[in-house]
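In listed order, ligands and their atoms are each counted from 1.
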Amino acid sequence: MVNGKTAILAIESSCDETAAAVVLNGREVRSNIISSQIEIHKQYGGVVPEIASRHHLNNVNPVVDQALEEAKVSMDEIDAIAVTYGPGLVGALLIGLATAKAYALATGKPLIGVHHIQGHVCANYIAHPQLEPPFMALVISGGHTNIVDVTDYRTYKVLGGTRDDAAGEAYDKVARVLGLGYPGGPLIDQLAKEGDPDRAQFKRVYLEKGSYDFSFSGIKTGVLNYMNNEKQAGREVNIADVAAGFQEAVLEVVVSKTLDAALERGEDKIVVAGGVAANSRLRQMLRQGCKRSGLQLFFPPPVLCTDNAAMIGCAAYYKYMAGRTDGLDLDAIPNLELEA
Ligand code: KG4
Ligand code: ZN
């Protein structure tokens with residue numbers, strides 16, 4: 001306990017960020033250390049799992065030490081150790097998990113396993129102290145695109161998800177086709193501002209009527225075909241137009257389904273989470289849609305959109321308050337279900 005508040009040390013290593021944080025009573029972030037490997041993976045055009053694991057191994061202990069130091073909290077004052085146990089890259093997850101278990105075993109403190117995507121949703125509790133469930137969540141990242149009805153702090157009902165690529169993955173793949181580099185999301189976000197989406201239009205994929213699922217794999221082929229056709233016709237391609245057209249086609253579907261889900265289930269708030277929540281056009285379109293429909297809208301600030309451990313500490317707090325802790329036999333689950 002720190003000043004009478006529950007103190008959680010959280011560790012996150014599901015992908016290419018090694019992160020540790022100290023969070024009090026779920027929402028007060030005392031430290032949030034993120035060691036990003038993005039510069040290393042950039043040269044390969046994506047995250048290389050084995051390299052990610054090796055860097056997590058080197059970074060995790062210094063990052064935990066730094067989190068405690070910056071928080072000015074000693075290990076004795078920590079009430080529980082939280083860690084992401086899925087979904088993610090199995091080798092990467094295992095480093096965080098083994099570290100958290102070692103601390104839990106050595107100190108006798110309880111271990112709390114956290115679902116990575118539930119963590120992303122909880123980033124909003126940190127950013128918005130008044131926010132409480134129920135609400136409709138849009139989880140949109142490099143690995144996930146889900147519409148989730150969050151009915152209380154620990155109940156997540158998945159209404160729909162992607163049947164192939166995640167939205168962030170589509171951004172990254174299309175950026176590669178356009179020769180922009182990695183990660184593609186922020187680059188397309190910027191470039192699209194200079195383009196005209198009407199000059200390069202792509203199919204909006206809504207799937208069956210009433211479905212909250214997504215499909216984004218076709219749009220990469222659509223962009224490739226567009227580029228080839230333009231080249232064959234001897235026309236110069238304006239990649240800013242292509243970026244804008246691609247983005248509009250993806251986001252129109254995402255925004256429309258999220259608004260429909262909230263209205264249909266009677267939620268009055270929309271909460272956005274995950275790496276793509278940083279996208280400026282997504283924010284603008286949701287703002288307009290929510291205003292039209294009389295819904296409240298919540299986003300985390302960019303630092304809490306990307307992978308971090310503060311969000312894991314927040315999610316763990318609500319599990320801890322419900323008396324849910326895990327044994328030292330907790331295993332990494334690369335494809336962990338959100339409703340688990
Ligand atoms: O949540 P995250 O950090 O990692 C996981 O997937 O869990 O999300 C990373 C994804 C990448 O695909 C990246 O391209 C995308 O988020 N992203 C963006 C933006 N910033 C990051 N996509 C669109 N616009 C952005 N501004
Ligand atoms: Zn993530």
Side-chain angles (χ1 to χ4, degrees), residues 10-19 21 32 34-38 41-42 45-47 49 52 56 83-90 92-93 96 114-124 137-146 148 161-162 164-178 180-193 195 214 216-217 219-220 243-244 246-251 254-255 272-286 299-312 314-315 334-336 338:
I11 300 172
E12 149 69 40
S13 69
S14 64
C15 190
D16 60 341
E17 262 99 24
T18 322
N32 189 19
I34 304 171
S35 167
S36 174
Q37 306 174 9
I38 214 151
H41 296 285
K42 236 181 202 171
V47 177
H56 284 310
V83 64
T84 306
Y85 74 111
L89 303 169
V90 68
L93 288 166
V114 172
H115 189 294
H116 180 75
I117 301 299
Q118 293 184 6
H120 271 301
V121 171
C122 290
N124 283 281
L138 166 66
V139 180
I140 183 162
S141 74
H144 294 264
T145 310
N146 286 112
V148 187
T162 182
D164 39 59
D165 291 352
E169 193 178 353
Y171 268 88
D172 294 337
K173 286 182 175 170
V174 166
R176 205 171 307 150
V177 170
L178 299 181
L180 294 177
Y182 174 86
L187 300 167
I188 289 186
D189 188 359
Q190 279 311 311
L191 187 63
K193 290 181 182 154
F214 300 101
F216 297 120
S217 65
I219 199 160
K220 191 191 88 175
F246 154 78
Q247 174 161 274
E248 216 60 18
V250 168
L251 297 183
V254 167
V255 169
V272 192
V276 186
N279 185 275
S280 57
R281 181 70 182 134
L282 174 65
R283 289 178 178 232
Q284 188 184 36
M285 287 168 84
L286 275 171
F299 281 103
V303 66
L304 291 173
C305 283
T306 50
D307 291 347
N308 67 86
M311 67 186 195
I312 302 303
C314 178
N335 53 358
L336 183 62
L338 189 50

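- Within the 4.0 Å heavy-atom criterion, both parts of V276, backbone and side chain, lie near ligand 1.
- For a threshold of 3.5 Å applied to N or O pairs, the pair formed by G185 and ligand 1 contains at least one separation below that value.
- Annotation for V272 and A277: closest pair CG1-CB, 3.7 Å, computed over non-hydrogen atoms.
- Residue G274 has no N or O atom closer than 3.5 Å to an N or O atom of ligand 1.
- Side-chain contact between N308 and E12: absent, with no pair of heavy atoms (C-beta onward) separated by less than 4.5 Å.
- Remark: D165 engages K173 in a salt bridge (charged side-chain N to carboxylate O under 4.0 Å, His left out) (not counting sequence neighbours).
- Scanning for side chain to side chain contact (heavy atoms under 4.5 Å, CB included) contacts around A123 gives P300, L304, M311, with sequence neighbours left out.
- For P186, the heavy-atom gap to ligand 1 drops under 4.0 angstrom.
- Looking at ligand 1, you won't find any N or O of T306 less than 3.5 Å from one of its N or O atoms.
- The closest side-chain donor-acceptor pair between T84 and H116, if any, does not fall under 3.5 angstrom.
- Between N279 and ligand 1, an N or O atom pair is found at a separation short of 3.5 Å.
- For D172, every heavy-atom contact with ligand 1 shorter than 4.0 Å involves the side chain, none the backbone.
- For the pair I140 and V254, the minimum side-chain heavy-atom distance is below 4.5 Å.
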Is there a side chain to side chain contact (heavy atoms under 4.5 Å, CB included) between Y171 and Q247 once you walk through the steps? CA-CA 8 Å; Y171 268 88; Q247 174 161 274; 2.9 Å; yes
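- Heavy atoms of H116 come nearer than 4.0 angstrom to ligand 1 in at least one pair.
- Cation-pi geometry between R283 and F299 is met: under 6.0 angstrom from the ring centre, within 45 degrees of the axis.
- Shown here are the protein N/O/S atoms lying under 2.8 Å from the Zn ion (ligand 2), water excluded: H116 NE2, H120 NE2, D307 OD1.
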Donor-acceptor pairs are to be reported for all side-chain atoms of residues 183-191 against protein atoms at under 3.5 Å, with residues two or more places apart or in another chain.
unit_1	atom_1	unit_2	atom_2	d
D189	OD1	S280	N	3.4
D189	OD1	S280	OG	2.6
D189	OD2	S280	N	3.1

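- Of the possible donor and acceptor atoms, one in the side chain of D164 sits under 3.5 Å from a partner among the backbone N and O of S217.
- For the pair H120 and ligand 1, a heavy-atom separation below 4.0 Å is found.
- Every atom of ligand 1 with a heavy atom of S141 under 4.0 Å away is listed here by number and element: 1 (O), 5 (C), 6 (O), 7 (O), 8 (O).
- Comparing heavy-atom distances from atom 5 (C) of ligand 1 across S14, G142, S280, C15 singles out G142 as nearest.
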Could you please spell out the steps behind the side chain to side chain contact (heavy atoms under 4.5 Å, CB included) verdict for I11 and I312? CA-CA 7 Å; I11 300 172; I312 302 303; over 6 Å; no
